[in-house]
Every structure is written in structure tokens, then in C-alpha cells.
Amino acid sequence: ERIGDLECTIEAVEYNPAIYDPTITHVPFVSRSELPDPRKLPDNVSEVLLMERTQLRRDGTVNIAIEVAWPAASGADKYEIWFREYGRAAWIYAGETSSLHFTINDRITEGSTYTSTDPFVEGNKYEVAVVSVSSFGAKRRPDNSPRQIITIKGRESAPSNVDSSSINI
């Protein structure tokens, strides 16, 4: 019953023993929201595929790159690529992508933590991890994500010697 502009009277039963059960010790959490849980981690990718390749720079020199590919993971909006020299503790952030492949090379990606002009050394082993990231930014650490190891071979055959060259115009 409304008494005034901002006042009203409410009549209610304070306690009804038929409604309350004193033996209940745990009240279950019931989510009535249809919204996605922003804390939910996306699934991991099922595998990481690595392939070494050489890239020709504009100045004519050659550097080593690692091609990384993986299948899509459920709940992932994008993927972060991390690498480290095998046996080291610290991971190096190579970059992120929303596609299912990435090339780790001497191109500095925004936010990358490596600055070497040629990050890979022939004969060394490197570990590469692919981290699934949800649209809310939920993700695992690289140590808890799928990863693969690659040994850098470099050029496996030397170029043939050029004794002479000529140009006909």
C-alpha cells in the first residue's frame, strides 16, 4: 500500500517453517546467465607442426625462419607464439595471430621480446609453443600449452660454384 510519494507499506511473513529446511548445509550455485564465462580457458591446439626454411633478405643475405602451423582450438579467438632455446627456462614472445600459421623470423612483431636479426643458430634445438587465447584474454602459460622441438639444420647443401657469368642483351 502506497503511503506517500516515496513511502509504502509491505505486509510479509517473516518465517515460514514449511519453506526452510535447517538440514541443508550446502547451497548449490545456479548460473542463470546465458553469457560466456570470461574466465573459461580455450582448448589447447591438438598439435604443433614446425618446419625450417630459409628466407632471402633484401640485402641478399639468408636467414633461418621457423614455420609454425596448428589446427584450430575450440574457444580460441587468437594464438600467441612463443619460443626458446631448448633447455632454457625463459620463453621469448614471437607474436600473435588469428590465423592457423605463423612464421618466426627476423621481422620484429609488435610486442615481441626478441630483437636478434637472426634468432636461430644452426645445430641448436628450439622449442616452440602455441598458446590459445580466448576473446576475453584467458590463456595458459607457454609451459602449459602444446609445444614442439626443432633442430635447426641450416643450409644442407652449399651452392654450386659459379665460374663465369654473362648477360646477353
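Note that the structure is predicted; figures quoted are calculated from it, not measured.
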Enquirer: Minimum heavy-atom separation for V131 and P142, please, with both atom names.
Expert: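 Minimum heavy-atom contact is CG2-CA, 3.9 Å.
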Enquirer: Taking all non-hydrogen atoms of both residues, which atom of R140 and which atom of N144 are closest, and how far apart?
Expert: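 Reported closest heavy-atom pair: CD-O, 3.4 Å.
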Enquirer: Is the closest side-chain heavy-atom distance between I66 and R53 below 4.5 Å?
Expert: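 A side-chain contact is absent here, since even the closest heavy-atom pair is not under 4.5 Å.
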Enquirer: For the pair K153 and E122, find out whether any cationic side-chain nitrogen is under 4.0 Å from an anionic carboxylate oxygen.
Expert: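 Salt bridge: no.
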Enquirer: Does the side chain of E85 reach to within under 4.5 Å of the side chain of K125, using non-hydrogen atoms?
Expert: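 They are not in side-chain contact.
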Enquirer: Is any side-chain heavy atom of V68 closer than 4.5 Å to one of H101?
Expert: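 A side-chain contact is absent here, since even the closest heavy-atom pair is not under 4.5 Å.
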Enquirer: Could you label the plane-to-plane angle of the F120 and F83 rings as parallel, tilted or perpendicular, counting under 30° as parallel and over 60° as perpendicular?
Expert: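 Rings of F120 and F83: tilted, as their planes differ by 30° to 60°.
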Enquirer: Within the 4.5 Å heavy-atom criterion, are L49 and Q148 side-chain neighbours or not?
Expert: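 SC-SC contact between L49 and Q148 ruled out.
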Enquirer: So, for V130 and S145, which heavy atoms are closest and what is the spacing to 0.1 Å?
Expert: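 V130 and S145 have their closest heavy atoms at O-CB, 3.4 Å.
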Enquirer: Rounded to the nearest 0.5 Å, what separates atom OG in S98 from atom OH in Y79?
Expert: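 Between atom OG of S98 and atom OH of Y79 there are 9.0 Å.
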Enquirer: Looking only at heavy atoms, what is the nearest atom pair of P42 and A138, with distance?
Expert: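 That would be CD-O, 3.4 Å.
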Enquirer: To the nearest 0.5 Å, what is the distance between CD1 (I64) and OH (Y126)?
Expert: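 Answer for the CD1-OH pair, I64 versus Y126, is 8.0 Å.
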Enquirer: Do L41 and F136 belong to the same hydrophobic cluster, where Ile, Leu, Val, Met, Phe, Trp and Tyr are linked whenever their side-chain heavy atoms lie under 4.5 Å apart, directly or via other members?
Expert: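 Hydrophobic grouping puts L41 apart from F136.
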Enquirer: Rounded to the nearest 0.5 Å, what separation is found between the OG1 atom of T151 and the OH atom of Y86?
Expert: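 Separation between the atoms: 9.5 Å.
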Enquirer: If you round to the nearest 0.5 Å, how far is OG1 of T54 from CG of N105?
Expert: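 Result: 12.0 Å between the selected atoms.
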Enquirer: So does R84 pair up with D143, basic N to acidic O under 4.0 Å?
Expert: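 Salt bridge present between R84 and D143.
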Enquirer: With W82 as reference, evaluate W91, Y93, F102 under the ring-ring contact (aromatic ring centres under 6.0 Å, His included) test and give the passing residue.
Expert: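 Among W91, Y93, F102, the one that satisfies the ring-ring contact (aromatic ring centres under 6.0 Å, His included) with W82 is Y93.
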Enquirer: Hey, could you give me the CD1/CD distance between I81 and E96, rounded to the nearest 0.5 Å?
Expert: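 That separation rounds to 9.5 Å.
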Enquirer: What distance separates Q55 CD from E67 CD, expressed to the nearest 0.5 Å?
Expert: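 Q55 atom CD to E67 atom CD measures 7.0 Å (nearest 0.5 Å).
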Enquirer: Do W70 and M51 share a hydrophobic cluster (ILVMFWY, side-chain heavy atoms under 4.5 Å, transitive)?
Expert: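 Per the 4.5 Å side-chain linkage, W70 and M51 are not co-clustered.
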Enquirer: Is any side-chain heavy atom of S132 closer than 4.5 Å to a side-chain heavy atom of V45?
Expert: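 When only atoms from C-beta onward are counted, V45 and S132 do touch, with a gap below 4.5 Å.
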Enquirer: In terms of hydrophobic clustering (I, L, V, M, F, W, Y; side-chain heavy atoms under 4.5 Å; direct or indirect links), are V121 and I152 co-clustered?
Expert: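 Yes; I152 is reachable from V121 via cluster members.
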